[in-house]
Amino acid sequence: MDAIMRDVRWLGFDWGAHLYHASDYFDQLYEWAIQLIKAGRAYVDDLTADEMRETRGTLTQPGSESPCRNRSVEENLDLFERMRRGEFPDGTKTLRAKIDMAAGNVNLRDPVMYRIRKTGHQRTGDKWCLYPMYDWAHGQSDSIERVTHSLCTLEYEDHRPLYDWYLDALGIYHPRQIEFARLNLSHTVMSKRKLLTLVEEGAVSGWDDPRMPTLAGLRRRGYTPESVRDFCERVGIAKADNLVDVALLEHCLREDLNKRALRRMAVLRPLKLVVENYPEGQVEALEAVNNPEDPSAGTRQVPFSRVLYIEQDDFREVPPPKYFRLSPGVEVRLRWAYLVKCTGVAKDPRTGEITEVRCTYDPESRGADSRGRKVKGTIHWVSAAHAADAEVRLYEHLFSVPKPDEAEDPKSVLNPTSLEVLRASKLELSLKDAAPESRFQFERQGYFVADSKNSSPGRLVFNRTVGLRDTWAKIEKA
RNA sequence: UGGGGCGUGGCCAAGCGGUAAGGCGCGGGACUUUGGAUCCCGUAUUCGGGGGUUCGAAUCCUCCCGCCCCAACCA
């Protein structure tokens with residue numbers, strides 16, 4: 001209950017003084033039950049659960065009436081009172097509405113209103129050993145609360161006739177129940193049962209794992225409540241079964257974060273870059289814009305020096321067609337800094353692995369493109385001597401297919417790369433004291449959030465909320 | 001003839017008798033010190049299918065097809 005309230009608040013809603021519990025109405029419900037008994041519209045039944053199932057009939061055959069169905073009002077009143085006093089064991093008696101055992105709608109075949117449960121209740125303690133069924137509590141609670149429209153999902157359409165029947169039989173204020181389709185998201189599962197399985201089998205770390213479609217999961221992943229609300233508004237609400245593409249959720253997220261997230265430079269998979277003609281030991285502070293979408297976000301200083309880290313993906317010894325990043329002989333812009341031209345690489349003599357890239361810079365090219373020289377690419381970097389170390393968790397969709405619900409075995413379509421952990425990332429120094437849950441855009445890569453549970457200024461852990469749109473990835477694939 | 005509901009482009013979704021909104025996605029272009037953002041342009045002769053009514057139908061009638069939900073002393 002606390003978790004629900006916390007999540008609802010996070011989403012941006014507040015019920016004010018209107019926090020209601022059906023248990024607040026137990027006394028009223030009990031009195032109404034007596035009213036129905038007196039009206040000959042409810043009776044105490046001795047049938048066991050099994051017997052009740054057997055006499056309910058099937059979807060195509062009517063059920064049969066219980067032998068207890070025609071007890072006198074006096075006997076029913078007496079029995080019901082004794083049920084309340086705890087004279088009978090669990091499961092031995094129920095109170096049923098007398099409706100129609102031959103109804104096409106199974107919910108109307110004398111539904112159970114009360115069953116005996118000698119257990120305590122989180123709010124009413126041990127006051128009751130009789131508890132109302134959902135259908136018997138729902139409409140009446142709405143009525144007490146003077147709800148005008150009671151919204152719920154499609155499964156309850158079959159329950160509406162019962163909802164209406166109780167209200168009419170009691171002759172009380174009659175709210176209107178309206179059903180809508182639930183929202184289904186692609187590349188994940190939404191049912192509580194299936195999510196529980198993921199948690200229990202260890203496919204995820206818990207209900208708040210950043211890959212879970214729960215509010216707690218979305219929050220930990222770095223989603224903003226505003227983007228979730230915007231998403232819901234755009235999806236709309238209707239009665240047709242649906243499967244909304246998770247790409248729409250991600251679009252809403254990017255749109256929101258693009259306006260608000262401060263930009264930072266972070267090298268996820270570091271590759272050393274040595275600027276050969278930059279003076280050894282020299283350090284200069286370069287000005288960088290915090291958010292080009294929001295001038296009021298201001299600027300910051302980032303340290304530049306001779307040895308830097310760049311992204312492994314931003315260098316290719318043999319560049320493929322349309323590759324705009326660094327490669328031997330090619331010049332690129334170091335974001336917020338200088339134009340730099342690759343002069344060669346150093347390799348591990350044994351493995352042949354590239355250990356560092358070398359280049360020269362043009363001292364006149366600082367900041368703006370002063371010489372009018374056009375360069376194809378701009379890459380991000382971090383000064384090696386001024387970097388903050390961090391663990392970065394790269395998340396993707398939990399399932400690799402749009403409809404895991406349709407898979408024979410959901411486990412077989414789990415995305416094996418839904419989480420990749422990078423333990424040696426290098427971040428711009430200004431990220432050193434990032435507070436848990438603070439969000440940033442790591443330029444050219446995506447939006448990231450400092451993990452709420454595992455990150456601290458001393459040991460940074462960032463979760464990738466969502467990547468930036470990646471046109472290059474599409475070109476490279478083609 | 002158990003009962004209830006739904007079918008509009010790849011995914012959502014307006015429209016409810018006057019001649020198919022919008023968003024996402026996708027394709028193309030402009031611009032760009034994020035291959036980001038932004039900005040243009042394109043993307044259903046047709047509304048599950050057949051008949052019918054009408055000057056005119058996605059919208060009305062009718063038959064058919066398909067999909068979803070219901071037989072807890074769960075919610």
Side-chain angles (χ1 to χ4, degrees), chain A residues 22 45 47-63 90-96 102-109 111-117 130-135 137-138 152-161 179 181 183-184 186 192 230-231 233-252 254-255 258-259 263 265 288-289 291-293 314 322-325 332-339 365 367-369 374-380 402 441-447 467-476:
Chain A
D45 199 348
L47 256 34
T48 64
D50 285 341
E51 291 168 332
M52 214 177 276
R53 185 177 329 110
E54 284 160 18
T55 55
R56 187 153 28 229
T58 68
L59 292 180
T60 53
Q61 296 166 286
D90 285 10
T92 53
K93 282 183 168 35
T94 58
L95 181 72
R96 290 231 257 171
N105 181 342
V106 185
N107 292 306
L108 264 19
R109 317 242 260 231
V112 171
M113 295 163 64
Y114 277 101
R115 80 297 213 176
I116 300 170
R117 280 272 180 290
L130 220 49
Y131 291 101
M133 297 294 289
Y134 165 84
D135 284 306
H138 186 200
C152 60
T153 44
L154 258 24
E155 312 86 273
Y156 293 95
E157 284 177 324
D158 285 340
H159 292 251
R160 182 160 23 100
E179 311 82 12
L183 190 168
N184 298 298
S186 74
K192 212 178 285 180
D230 181 40
F231 168 70
E233 278 165 30
R234 293 209 209 192
V235 165
I237 182 161
K239 299 191 69 169
D241 288 332
N242 60 72
L243 180 67
V244 180
D245 195 331
V246 69
L248 176 58
L249 211 209
E250 294 174 340
H251 172 266
C252 295
R254 290 192 186 101
E255 190 173 86
N258 176 50
K259 291 180 302 195
R263 307 301 118 123
M265 292 199 285
V289 171
N291 185 352
E293 305 294 323
D314 289 339
K322 301 250 187 76
Y323 187 78
F324 299 157
R325 282 109 99 143
V332 299
R333 159 78 56 188
L334 288 183
R335 178 121 233 215
W336 308 122
Y338 303 94
L339 288 178
S365 65
D369 194 4
K374 285 292 180 189
V375 111
K376 277 292 187 53
T378 296
I379 64 175
H380 58 93
Q441 181 197 96
F442 288 175
E443 294 215 36
R444 302 208 309 132
Q445 310 203 89
Y447 297 95
L468 252 25
R469 280 189 61 216
D470 192 350
T471 309
W472 166 239
K474 284 181 192 169
I475 296 171
E476 198 178 24

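Per chain, numbering begins at 1; letters A, B, ... match sequence-line order.
When distances are taken from the side chain of A/Asn258 to each of B/G27, B/G36, B/G35, the shortest belongs to B/G36.
Looking at heavy-atom distances under 4.0 Å, A/Lys376 makes no contact with the nucleic acid at all. If you check every strand for non-hydrogen atoms under 4.0 Å, A/Thr471 touches sugar and phosphate atoms only. Residue contacts for A/Tyr323: at a heavy-atom cut-off of 4.0 Å it reaches a base atom on one of the strands shown. Across all strands, A/Pro292 comes closer than 4.0 Å to base atoms (heavy-atom distances). Nucleic acid contact class of A/Gln441 (heavy atoms, under 4.0 Å, all strands): base. Residue A/Glu157 is classed as a sugar-phosphate contact, given heavy-atom separations below 4.0 Å to backbone atoms only.
With a 4.5 Å cut-off on side-chain heavy atoms, A/Arg96 and A/Leu47 count as touching.
Considering every non-hydrogen atom in both A/Gln441 and A/Arg263, the closest pair reads OE1-CD, 3.1 Å. The shortest non-hydrogen separation linking A/Phe324 to A/Val332 is O-CG1, 3.9 Å.
Taking the C1' atom of each, B/A13 and B/A44 are spaced 14 Å apart, rounded to whole Å. On the C1' atoms, B/U8 is 22 Å away from B/U54, given to the nearest whole Å. For the P atom pair drawn from B/A37 and B/G27, the interatomic distance equals 14 Å after rounding to whole Å. B/C47 and B/C73 are spaced 47 Å apart, taking the C1' atom of each and rounding to whole Å. The gap from the C1' atom of B/A72 to that of B/U43 amounts to 49 Å, rounded to the nearest Å. Distance noted for atom P between B/A57 and B/U19: 12 Å (whole Å). Of the C1' atoms belonging to B/G29 and B/G66, the separation is 42 Å, rounded to the nearest Å. Taking atom C1' on both nucleotides, B/G28 is separated from B/C67 by 37 Å, rounded to a whole Å.
For A/His380, there are no ring pair (Phe, Tyr, Trp, His ring centres under 6.0 Å) partners at least two apart in sequence or on another chain. The ring pair (Phe, Tyr, Trp, His ring centres under 6.0 Å) test applied to A/Phe442 returns A/Phe448, A/Phe462, not counting sequence neighbours. Take A/His159 and apply the ring pair (Phe, Tyr, Trp, His ring centres under 6.0 Å) test, not counting sequence neighbours, and it matches A/Tyr156. In terms of the salt bridge (charged side-chain N to carboxylate O under 4.0 Å, His left out) criterion, residue partners of A/Arg444 (sequence neighbours excluded) are, by chain and number, A/Asp314. With sequence neighbours excluded, the residues satisfying salt bridge (charged side-chain N to carboxylate O under 4.0 Å, His left out) with A/Arg335 are A/Glu443. Judged as a salt bridge (charged side-chain N to carboxylate O under 4.0 Å, His left out), and not counting sequence neighbours, A/Glu250 has no contacts. Here A/Thr153 pairs with A/Glu155 under the side chain to side chain donor-acceptor pair (under 3.5 Å) rule; sequence neighbours left out. In this structure, the side chain to side chain contact (heavy atoms under 4.5 Å, CB included) partners of A/Lys322, at least two apart in sequence or on a different chain, are A/Trp472, A/Ile475. Annotation: side chain to side chain contact (heavy atoms under 4.5 Å, CB included) contacts of A/Asn105 (sequence neighbours excluded): A/Asn107, A/Leu108, A/Asp158, A/Pro161.
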Completion exercise
Readout for nucleotides 70-75 of chain B: B = base within 4.0 Å of protein heavy atom, S = sugar-phosphate only, - = neither; 5' to 3' it is BBSBSB
Practice task
Using a 4.0 Å heavy-atom cut-off, write out nucleotides 8-15 of chain B from 5' to 3' as B (base contacted by protein), S (sugar-phosphate only) or - (no contact).
Solution key: ---SSSS-
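One interatomic measurement links the two molecules: CG of A/Leu334 to P of B/U34, which rounds to 13 Å at whole-angstrom precision. Across the protein-nucleic acid pair, A/Gln61 atom CD and B/U1 atom P stand 15 Å apart, rounded to whole Å. Whole-Å rounding puts the A/Arg444 CZ to B/G36 P distance at 11 Å. A/Lys322 has its NZ atom 15 Å from the P atom of B/G35, to the nearest Å. Between A/Leu468 atom CG and B/U34 atom P there is a gap of 12 Å when expressed in whole angstrom units. Between A/Phe324 atom CZ and B/U34 atom P there is a gap of 13 Å when expressed in whole angstrom units. Nucleotide B/U38 holds its C1' atom 12 Å from the CD atom of A/Glu255, rounded to whole Å. One interatomic measurement links the two molecules: NE2 of A/His380 to P of B/G36, which rounds to 14 Å at whole-angstrom precision.
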Handout entry: Chi angles and distances behind the salt bridge (charged side-chain N to carboxylate O under 4.0 Å, His left out) call for A/Asp230, A/Arg234
Key = CA-CA 6 Å; A/Asp230 181 40; A/Arg234 293 209 209 192; 3.3 Å; yes
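A donor and an acceptor atom never sit less than 3.5 Å apart when one is taken from the side chain of A/Glu179 and the other from the base of B/G4.
Applying the 4.0 Å criterion to OP1 and OP2 of B/C24, one finds that A/His251 has a side-chain N or O inside that range.
Note that OH of A/Tyr134 and CE of A/Met113 are 15.5 Å apart. Values are rounded to the nearest 0.5 Å.
Annotated stems with RNA chain B as a participant read B:2-7 with B:65-70, B:10-12 with B:22-24, B:25-30 with B:38-43, B:48-52 with B:60-64, given as range with range, by first number; only runs of 3 or more Watson-Crick or G-U pairs under 3.5 Å qualify.
Comparing A/Arg160 and A/Arg263 by the nucleotide of RNA chain B whose heavy atom lies nearest to each, the residue mapping closer to the 5' end is A/Arg160.
With its glycosidic angle within 90° of 0, B/A72 adopts the syn conformation.
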